[in-house]
Visitor: 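Before we start, here is the structure in question, set down as structure tokens.
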Amino acid sequence: MPKKLVIVESPAKAKTIGRYLGKDYEVRASVGHIRDLPAKTMAVDIQNDFKPEYEIMRGKKTTIQDLKKLANNSEVVYLATDSDREGEAISWHILESISTKTEAKRVIFHEITEQGIKEAFEHPTSLNMELVNAYQARRILDRVVGYELSPLLWKKFTNGSKLGLSAGRVQSIALKLVVEREREINNFQSKEFWDLSVKLNKKETSDSDFVAKISGNKKYEKDEAKFIENALRESSFSVAQINIKSSKSKPPAPYTTSTLQQEASRKLRGFSVSRTMRIAQQLYEGLPLGSEGETGIITYMRTDSTTLSTTAISEITEFIKEKFGNEYIGTSVRSSRRKTAVAAQEAHEAIRPTSILRTPEILQPYLSPEQLSLYTLIWKRTLASRMAESINKITTITIKADGKEEKSYNFFCSGSQPEFDGYMSLYKTEPVDQENDNDDDDPIENIQENFQLPSFIKGEQLNLVDVNNVQKFTRPAPRYTQATFVKKLEESGIGRPSTYAEIMTTLEKRNYCVRENGRYKAEPLGEAIVDQLDPFFPNIMDIQFTANFETSLDDIANGNKNWITVLKEFYEPYREMYVEAESSMPKITLHTPTEESCPECERPLVEKIGRNGKFIACTGFPECRYTKPILQTIGVKCPQCSNELVERKNRRGRLFYGCSGYPNCNFLQNNRPLISPCPECSGLMTQLNRNEGQCINCEYTESLDTLNITI
């Protein structure tokens, strides 16, 4: 009997699935896409309803020939690519390319386990052309916009084609977000304010000091703060009110693609969005687990859903019961508090372990350190989502300060005492994340260290130990980290989580922005591109317009809109804008005079931007080819030789800081050096995170406020 042919994308996936299906099945991999729009031409006939001209990709002709031969000699062909729009499109391209008369069926699974695979093959379906058309609409529109806008930039920027400039429907609005944040920071006027608090203790126990903040967290000017400080030093303090309540913290929902990207970026050192997705792919496709053989250990990692299957819930509930006890089992269905601009794209489960019984401890011998780190994150989050709430007793004390001139001030302080740890029992040993950028959607990130106040009686008199009158400065919103950029893109409805890694990589490779201390900083080239596009393409450069188009793609996938109609609705007004931009957009030159002369021909030197960033060049080019690198000083001396420290870039475009005396001095530092020396040893302080600086010698750590530094 002829074998049944199964076609997947990945060789690793093919090996695992083949072991589950047995000898009656031939499992082959297409190794990703096999057909696409050609790179050198637009290949879209706009006048003929945007008809695409696909071609077999380079190196895939042999693959197609092999698959076609196998298909013609098989009784049935199973298309088993990934269960999203792109996977559906790959299956369609394969079927179109092999042109077989053999019956073809679509198989969809969300986990590569023996049970998951066998269940999927028991319930095959057919290709979903609505998903395919949603994919085509995105691919074709992005091709048209990119292949028209990029050449426009080449014309409008001097040397634009050699810079490799590009623009796109999603890329350009993402760049605008980075540029707008950079300009907010540059235009921000920092204002001084003074923060007031008091250190108190109980009269009978002088070792029970605690700090109370002035009510309202008001920001005072210097003179007013000094007046209040003097008044407080002559005031009497008493307990005015005691409020005790229980506070419940709900467990977080299981991971979606974007929340996994965000938390891996925050919690796992060195995990970029692209690295997270690469490792998640490995966990999904299957790894050798000793006697178990190869199996997938997480479900499909491209999903917008936070739901879990009833089978998974049952297994998790039983695990919680046996491991922690009945009281730790959650009592209700968890709903996520997501703030995305559009509805879920796919009907998948959340990202979860294929079996909660495979604990990180059990899998440790079989996984690499990075695989284990990401799996542990997923395993804990999935387990936590089905556990009971944590409960803390929150005690809030209102304290009255009565002055001599009948002037009084109110202060408050709060302490928490755990009553029931619930899901937080999984996170007891983890440090509190000090740099979560106010991500209050994640209860785990906002759990503060427990602080238990002394017991008080209403009306009780308190001792004043000291008045804290601290000078501070307002700060602008911080630059985006990869985690906060992902969050912003998703909330705005820009792109999809599966595209975020590509968006970020493109912005960095094109020198539109650079990551400095883990945060995106807009470069002059990126700002110039936004300034060129924004006035002429208000639709492409508008967040809401971009989000609405993503909604239209969802409507196509759900069968509620025709994909050709959606493309026409976008393209017709866009084309009018393009014609206007082509004639009216000004030409610009990104050259900045340096007031220096060329040492070889004495012509003026200017600052230019090339594929690898900024540099100094002679205006006599091409007759004179003199160039030199730009050394951007930061006002800090090298701790080894006292030369100036300068900004540099590595091969990936990442900023680091090195000595201007290189190669005679090889000092370098990844974190930005700070002007203020270490108060303890006078060593070099560097920016540890948004709020703190740290000495590279003695590891003394202090807040930037105390160091009087605003980043």
Visitor: If you round to the nearest 0.5 Å, how far is CE of M301 from CG of D82?
Guide: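 These two atoms lie 6.0 Å from each other.
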Visitor: Do T113 and I117 have side chains that get closer than 4.5 Å, going by heavy atoms?
Guide: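 They are not in contact (no side-chain heavy atoms under 4.5 Å apart), so the answer is no.
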Visitor: Could you tell me which non-hydrogen atom of S30 sits nearest to which non-hydrogen atom of G32, and how far apart they are?
Guide: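 Closest approach of S30 to G32: OG-O, 2.8 Å.
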Visitor: State whether the number of non-hydrogen atoms from other residues, nucleotides or ligands found under 6.0 Å of E26 atom CD is greater than 12.
Guide: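 Enclosed.
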Visitor: Rounded at 0.5 Å granularity, tell me how far CG in L79 sits from CD1 in I108.
Guide: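 The CG atom of L79 sits 10.5 Å away from the CD1 atom of I108.
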Visitor: Can you confirm whether more than 12 heavy atoms, excluding those of Q115, are under 6.0 Å from its CD atom?
Guide: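 12 or below, so no.
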Visitor: When you measure from the side chain of T16 to the backbone N and O of T295, does any donor-acceptor pair fall under 3.5 Å?
Guide: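 Side chain of T16 to backbone of T295: no pair is present.
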Visitor: Heavy-atom distance under 4.5 Å between the side chains of S83 and F109, does that happen here?
Guide: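 S83 vs F109: side chains apart.
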Visitor: Is the closest side-chain heavy-atom distance between P360 and Q364 below 4.5 Å?
Guide: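 Not in contact.
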Visitor: Do N539 and F537 have side chains that get closer than 4.5 Å, going by heavy atoms?
Guide: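 A side-chain contact exists here, since the closest heavy-atom pair is under 4.5 Å.
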Visitor: Of the non-hydrogen atoms in G296 and T354, which two are nearest, and what is the gap between them?
Guide: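 Between these two residues, the closest heavy atoms are O-OG1, 2.9 Å.
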Visitor: So do L37 and P52 actually touch side chain to side chain, heavy atoms under 4.5 Å?
Guide: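 A side-chain contact exists here, since the closest heavy-atom pair is under 4.5 Å.
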Visitor: Report yes if the side chains of K3 and L70 come closer than 4.5 Å at any heavy-atom pair, otherwise no.
Guide: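 A side-chain contact under 4.5 Å is absent here.
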Visitor: Could you tell me the separation between the CG atom of N128 and the OG atom of S91, rounded to the nearest 0.5 Å?
Guide: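 The CG atom of N128 sits 11.0 Å away from the OG atom of S91.
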Visitor: Could you check, using the six-membered ring where one of them is a Trp, whether Y578 and Y571 have ring centers closer than 6.0 angstrom?
Guide: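 Ring centroids of Y578 and Y571 are no less than 6.0 Å from each other.
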Visitor: Does any donor atom in the side chain of S368 or E370 lie under 3.5 Å from an acceptor atom in the other side chain?
Guide: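 S368 vs E370: no donor-acceptor pair found between side chains.
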Visitor: If you apply the rule side-chain contact (heavy atoms from CB on, under 4.5 Å), what do you find for W563 with I140, and how did you get there?
Guide: CA-CA 10 Å; W563 69 290; I140 290 170; 3.5 Å; yes
Visitor: Are side-chain N/O atoms of S166 and R510 paired as donor and acceptor at under 3.5 Å?
Guide: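 Checked: S166/R510 side chains pair up, N/O donor to acceptor below 3.5 Å.
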Visitor: Will you find, in the side chains of E9 and H33, an N or O donor that is under 3.5 Å from an N or O acceptor?
Guide: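 Note: E9 and H33 side chains miss the donor-acceptor criterion.
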Visitor: Side chains of L367 and I297, heavy atoms from C-beta outward: is any pair under 4.5 Å?
Guide: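 Side chain of L367 against side chain of I297, heavy atoms only: contact under 4.5 Å found.
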Visitor: For Q544, is there any backbone N or O sitting under 3.5 Å from a side-chain donor or acceptor partner on D542?
Guide: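 Confirmed, D542 side chain pairs with Q544 backbone.
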Visitor: For the pair T546 (side chain) and V170 (backbone), establish whether a donor and an acceptor sit closer than 3.5 Å, ignoring hydrogens and angles.
Guide: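 Flag not set: sc T546 to bb V170 has no pair under 3.5 Å.
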Visitor: Salt bridge (Lys or Arg N to Asp or Glu O under 4.0 Å) between R85 and E88: does it pass, once the steps are laid out?
Guide: CA-CA 5 Å; R85 292 178 194 166; E88 205 75 19; over 6 Å; no
Visitor: Run the salt bridge (Lys or Arg N to Asp or Glu O under 4.0 Å) check on R496 and D554 step by step: do they pass?
Guide: CA-CA 11 Å; R496 288 295 181 192; D554 290 336; 2.9 Å; yes
Visitor: Would T359 and L363 count as a side-chain contact (heavy atoms from CB on, under 4.5 Å) here? Give the steps.
Guide: CA-CA 6 Å; T359 66; L363 294 184; over 6 Å; no
Visitor: Quick one: does any side-chain atom of S385 pair with a main-chain N or O of T382 as donor and acceptor, under 3.5 Å?
Guide: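 It does hold such a pair.
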Visitor: For Q261 and T276, which I'm curious about, is there any donor-acceptor pair between the side chains at under 3.5 Å?
Guide: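 Side chains of Q261 and T276: no pair found under 3.5 Å.
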Visitor: Measure from the side-chain N and O atoms of K13 to the backbone N and O of E285, and report whether any donor-acceptor pair falls under 3.5 Å.
Guide: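 No, because the side chain of K13 does not come within donor-acceptor range (under 3.5 Å) of the backbone of E285.
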Visitor: Is a donor from one side chain sitting under 3.5 angstrom from an acceptor on the other, for T259 and T256?
Guide: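 On atom types as modelled, these side chains qualify, holding a pair under 3.5 Å.
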Visitor: For Y300 and R302, what are the C-alpha separation, side-chain angles and deciding distance, and is it a side-chain contact (heavy atoms from CB on, under 4.5 Å)?
Guide: CA-CA 6 Å; Y300 192 52; R302 295 187 179 92; 3.6 Å; yes
Visitor: Please give me the minimum heavy-atom distance between I540 and G168, naming the atom from each residue.
Guide: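 Heavy atoms only, the tightest pair is CG2-O, 4.1 Å.
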Visitor: What do the steps show when you test E550 against R169 for salt bridge (Lys or Arg N to Asp or Glu O under 4.0 Å), and what is the final call?
Guide: CA-CA 11 Å; E550 295 293 343; R169 183 184 61 85; 3.6 Å; yes
Visitor: Could you give the distance from CD1 (I64) to CD1 (I94), rounded to the nearest 0.5 Å?
Guide: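 Result: 7.0 Å between the selected atoms.
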Visitor: Quick one about E75 and T102 (side-chain donor to acceptor, distance below 3.5 Å, no hydrogens or angles considered), yes or no?
Guide: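 Distance-only check fails for T102 and E75.
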Visitor: Using the side-chain hydrogen bond (donor to acceptor under 3.5 Å, both in side chains) rule, take T311 and S309 through it: C-alpha gap first, then chi angles, then the decisive distance, then the call.
Guide: CA-CA 5 Å; T311 302; S309 68; 4.7 Å; no
Visitor: Show your working on side-chain contact (heavy atoms from CB on, under 4.5 Å) between T41 and Y147 and close with a plain yes or no.
Guide: CA-CA 8 Å; T41 61; Y147 272 54; 5.8 Å; no
Visitor: Quick one: does E508's side chain have a donor or acceptor within less than 3.5 Å of a partner on C513's backbone?
Guide: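 Judged by distance alone, no pair lies under 3.5 Å.
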Visitor: Check this for me: does any side-chain nitrogen of one of E114 and R19 sit under 4.0 Å from a carboxylate oxygen of the other?
Guide: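 Salt bridge flag = no for R19 with E114.
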Visitor: Has S492 got a side-chain atom pairing as donor or acceptor with K488's backbone, closer than 3.5 angstrom?
Guide: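 Flag set: sc S492 to bb K488 pair under 3.5 Å.
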Visitor: Assess the side chains of Y54 and Q136: does a donor N or O sit below 3.5 Å from an acceptor N or O?
Guide: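 Q136 and Y54 do have a side-chain donor-acceptor pair below 3.5 Å.
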Visitor: Might you point out which heavy atoms bring A167 and S150 nearest each other, and give the distance in Å?
Guide: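 Shortest heavy-atom contact: N-OG, 3.2 Å.
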Visitor: Do you know the tightest heavy-atom contact between S355 and E315?
Guide: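 That closest heavy-atom pairing would be OG-OE2, 3.1 Å.
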Visitor: Distance only, no hydrogens: is a donor on one side chain within 3.5 Å (strictly under) of an acceptor on the other, for Q371 and Y366?
Guide: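 There is no such pair between these side chains.
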Visitor: Measuring only between side-chain heavy atoms, which start at C-beta, is Q482 closer than 4.5 Å to Y520?
Guide: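 In short, these two side chains touch, coming nearer than 4.5 Å.
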Visitor: Determine, for W92 and R106, whether the Lys NZ or Arg CZ falls below 6.0 Å from the six-membered ring centre while staying within 45 degrees of the axis.
Guide: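 Ring-cation test returns no.
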Visitor: Check whether any side-chain N or O of D49 sits under 3.5 Å from a backbone N or O of K51 as a donor-acceptor pair, and report yes or no.
Guide: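 Checking the backbone N and O of K51 against the side chain of D49, no donor-acceptor pair under 3.5 Å is found.
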Visitor: Rounded to the nearest 0.5 Å, how far apart are CH2 of W379 and CD1 of I356?
Guide: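 One finds 5.5 Å between CH2 of W379 and CD1 of I356.
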Visitor: Going through the checks in order, is the ring-ring contact (aromatic ring centres under 6.0 Å, His included) test met by F121 and Y25?
Guide: CA-CA 11 Å; F121 275 82; Y25 293 81; 5.7 Å; yes
Visitor: In sequence, state the C-alpha distance, the side-chain angles, and the governing distance for F570 and F545, and then conclude on ring-ring contact (aromatic ring centres under 6.0 Å, His included).
Guide: CA-CA 10 Å; F570 178 96; F545 184 89; 5.5 Å; yes
Visitor: For R352, is there an ion pair with E349 - N to carboxylate O distance below 4.0 angstrom?
Guide: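 Counted as a salt bridge, because a side-chain N and a carboxylate O are separated by less than 4.0 Å.
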Visitor: Measure the spacing between CG of L308 and OG of S314 and express it to the nearest 0.5 Å.
Guide: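 If we round to the nearest 0.5 Å, L308:CG and S314:OG are 12.0 Å apart.
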Visitor: Is a side-chain donor or acceptor of R381 paired with a backbone partner of A253 at a separation under 3.5 angstrom?
Guide: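 Checking the backbone N and O of A253 against the side chain of R381, a donor-acceptor pair under 3.5 Å is found.
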Visitor: Is E55 salt-bridged to K60, cutoff N-O under 4.0 Å?
Guide: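 Not counted as a salt bridge, because no side-chain N and carboxylate O are separated by less than 4.0 Å.
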Visitor: Hydrogens and angles aside, do T303 and S305 bring a side-chain donor and acceptor to less than 3.5 Å of each other?
Guide: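 Short answer, no.
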Visitor: Using modelled atom types and a 3.5 Å cut-off, is there a donor and acceptor pairing between side-chain atoms of S99 and backbone atoms of L95?
Guide: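 Checking the backbone N and O of L95 against the side chain of S99, no donor-acceptor pair under 3.5 Å is found.
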Visitor: Measure up the H93 and Y135 rings against each other and bin them: parallel (under 30°), tilted (30 to 60°), perpendicular (over 60°).
Guide: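 Rings of H93 and Y135: perpendicular, as their planes differ by over 60°.
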